[in-house]
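First up is the structure itself, then whatever we jot down about it.
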Amino acid sequence: MNTSIGNSSAVLSMRRGAVLHINARTRTYLNSKSKFPFLLSLSFSTATPRAARATASMSYHKQLAAAKKAASVAARLCQKVQTALLQSDVQSKSDKSPVTVADYGSQAIVSLILEKELTSIPLSLVAEEDSGDLRKEESRETLHRITELVNDTFASDGTINISPVSEEDVLKAIDTGKSEGGPHGQHWVLDPIDGTKGFVRGQQYAIALALLDEGKVVLGVLACPNLPLSSIAKSDFSSSEDKVGCLFFAEVGGGTYMQSLDGSPPTKVHVSTNENLEEASFFESYEAAHSSHDLSSLIATKLGVKAPPVRIDSQAKYGALSRGDGSIYLRFPRRGYVEKIWDHAAGYIVVAEAGGVVNDAGGKPLDFSKGRYLDLDTGIVVTNQKLMPALLKAVQESISEKASSL
Ligand SMILES: Nc1ncnc2c1ncn2[C@@H]1O[C@H](COP(=O)(O)O)[C@@H](O)[C@H]1OP(=O)(O)O
Ligand SMILES: [Mg+2]
Ligand SMILES: [Mg+2]
Ligand SMILES: [Mg+2]
């Protein structure tokens, strides 16, 4: 039996260029999930060893404060949309993946807040969404709604001093995210909603924001609006009594902290110190299309892992792992899928600063300096330092066995 957060009965049908349909039962379910918090992540990285050394002693406090604010405000917009998701709010992109008004609104909010808070250098932002579809005639209503959502979110937050924005301002703010990143200089990396499928199902998602400096991730923020503040290691974690809404943040050399999205004081978190594989539990994607459940099951069996996998959407998995809810996260996308930096940058530093290790299946650390994409061997493997050697051995043996059985 597998463990997953929330209800899995939502029925979504997606066709190229078509609106994603949500049936009445799902709508009722989504509307009943207003208690769920949103997850947002941001990260920042640096690239060359010389420059990395030069920046190692730098402080990113100001950028971290701006990132936390941006992700938290964007999370509020996402929460508002998730509680009243309309069929017209969800559309299908050209790669058939869903996108909602909240993905666009979140990206606009983060871009506008970073621009406002950090005026010393021009903003370079590598982000998932762009305004291409929104500029089409048939998207006029959608753009209007996104602009309203952005302005309402700013207006209801007493700490944001941004005048009402126009539709053109929103389009421009979204398109700030077209930066290519790379090994030099500072680049923000944003996934405005990571785990859009989980968001649409009324389940887990994150706003993920990171900063790269010379190709290295130097800070990251993950807002997880629906993640319980207490551990999700146990299969009964989705109890309606659980308080939800976590904000994870990390700065290079400074450790990882978690606070509630409604503003409790932060506490330092650490990955699990578990060295016993029989007692280990592991996370993987809720969506089997995003990561091979068969391969991770083979690995778990080889390692003697007894607990069933915990399947949840988005970089909330990195957040949960950073506080020791489980000890392993396995991700094996289908052949040919290329991972993007915004899907891992914030999660990477949140786990690394909590004492964990994030490698590709070949045992190499992830390299965020190559532009918008990650160049990976097969998949991503995350655990603590003690378990990584045994885990990598099992991963590599299982990959070979699976390949020879085909
Ligand atoms: N076919 C795919 N394989 C792997 N990951 C995918 C695929 N399609 C979308 N994704 C991205 O995987 C991440 C979610 O993975 P998970 O299964 O861990 O929740 C998201 O970043 C999602 O993008 P998006 O940001 O658009 O939701
Ligand atoms: Mg997407
Ligand atoms: Mg994503
Ligand atoms: Mg996304």
Side-chain angles (χ1 to χ4, degrees), residues 2 4-6 8 12 14 20 38-43 71 74-75 77-78 81-82 90-110 125-130 132-133 174 177 189-210 222-227 282-293 295-296 309-321 326 328-348 351 358 372-374 376 378-382:
N2 298 319
S4 60
I5 288 184
S8 61
L12 309 172
M14 277 176 288
L20 184 151
F38 291 90
L39 175 82
L40 294 156
S41 86
L42 283 160
S43 70
L77 179 147
C78 297
V81 174
Q82 198 183 36
V90 187
Q91 282 155 8
S92 187
K93 295 200 283 190
S94 57
D95 64 358
K96 297 185 191 167
S97 64
V99 62
T100 73
V101 292
D103 296 66
Y104 291 122
S106 168
Q107 184 157 321
I109 280 183
V110 171
L125 177 65
V126 182
E128 180 181 359
E129 310 302 342
D130 66 62
D133 287 345
I174 291 170
V189 181
L190 170 68
D191 194 334
I193 290 189
D194 181 51
T196 305
K197 287 189 177 170
F199 176 78
V200 170
R201 259 190 263 108
Q203 300 176 343
Q204 295 300 317
Y205 67 97
I207 297 127
L209 179 59
L222 276 178
C224 306
N226 289 340
L227 189 68
F282 75 94
F283 295 112
E284 65 181 348
S285 289
Y286 181 94
E287 297 282 340
H290 291 179
S291 181
S292 167
H293 291 173
L295 185 53
S296 48
V310 178
R311 292 180 175 156
I312 63 170
D313 301 281
S314 85
Q315 288 175 65
K317 292 186 277 295
Y318 284 107
L321 200 117
I328 298 170
Y329 167 23
L330 298 172
R331 182 177 191 84
F332 302 106
R334 66 173 159 71
R335 230 183 157 77
Y337 181 79
V338 185
E339 294 276 5
K340 324 295 186 309
I341 60 170
W342 54 77
D343 285 326
H344 301 283
Y348 169 86
V351 163
V358 183
R372 292 170 75 86
Y373 299 97
L374 284 171
L376 287 178
T378 315
I380 295 177
V381 178
V382 189

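Every number for a ligand or one of its atoms is a count from 1 in the order of the listing. None of these values were measured; they are calculated from a predicted model.
Residue I193 has at least one N or O atom closer than 3.5 Å to an N or O atom of ligand 1. For the pair D194 and ligand 1, the shortest N or O to N or O distance falls below 3.5 Å.
In this structure, a donor-acceptor pair under 3.5 Å is present between the side chains of H344 and Y318. There is no side-chain donor-acceptor pair under 3.5 Å between S291 and E284.
Only the side chain of D343 comes within contact range of ligand 1, with a heavy atom under 4.0 Å; no backbone atom does.
In this structure, V99 has no heavy atom closer than 4.0 Å to ligand 1. Ligand 1 does not have G198 within reach: every non-hydrogen atom of the residue lies 4.0 Å or more from it.
Separating the CD atom in Q315 from the OH atom in Y329 is a distance of 7.5 Å, to the nearest 0.5 Å.
When the heavy-atom distances from atom 6 (C) of ligand 1 to Y337, Y286, Y329 are ranked, the shortest goes to Y337. Counting only non-hydrogen atoms, the option in Q315, E339, R331 that gets closest to atom 5 (N) of ligand 1 is R331. Relative to atom 24 (P) of ligand 1, the option among G347, P333, G195, S97 with the closest non-hydrogen atom is G195. Among H290, K93, E128, the residue whose heavy atom lies nearest to atom 26 (O) of ligand 1 is E128.
If you number the atoms of ligand 1 from 1 as listed, the ones under 4.0 Å from a heavy atom of A289 come out as 1 (N), 3 (N). With ligand atoms numbered from 1 in the order given, ligand 1 contributes 16 (P), 18 (O), 19 (O) to contacts under 4.0 Å with heavy atoms of K317. Interface atoms of ligand 1 facing D191, defined by a heavy-atom separation under 4.0 Å, are 21 (O), 25 (O). If you number the atoms of ligand 1 from 1 as listed, the ones under 4.0 Å from a heavy atom of D313 come out as 19 (O). Atoms of ligand 1 found under 4.0 Å from any heavy atom of S314 (numbered from 1 in listed order, with element): 16 (P), 18 (O), 19 (O).
Residues S285 and K317 meet the side-chain proximity criterion, which asks for heavy atoms closer than 4.5 Å.
Nearest heavy atoms, I174 versus Q107: O-NE2, 2.9 Å. Scanning both residues, A320 and F283, for their nearest heavy atoms gives CB-CZ, 3.7 Å.
In D191, the N, O or S atom that comes nearest to the Mg ion (ligand 4) is OD1. Looking at E128 and the Mg ion (ligand 2) together, the shortest N, O or S contact belongs to OE2.
Not a single N, O or S atom of G195, from either the backbone or the side chain, sits less than 2.8 Å from the Mg ion (ligand 4).
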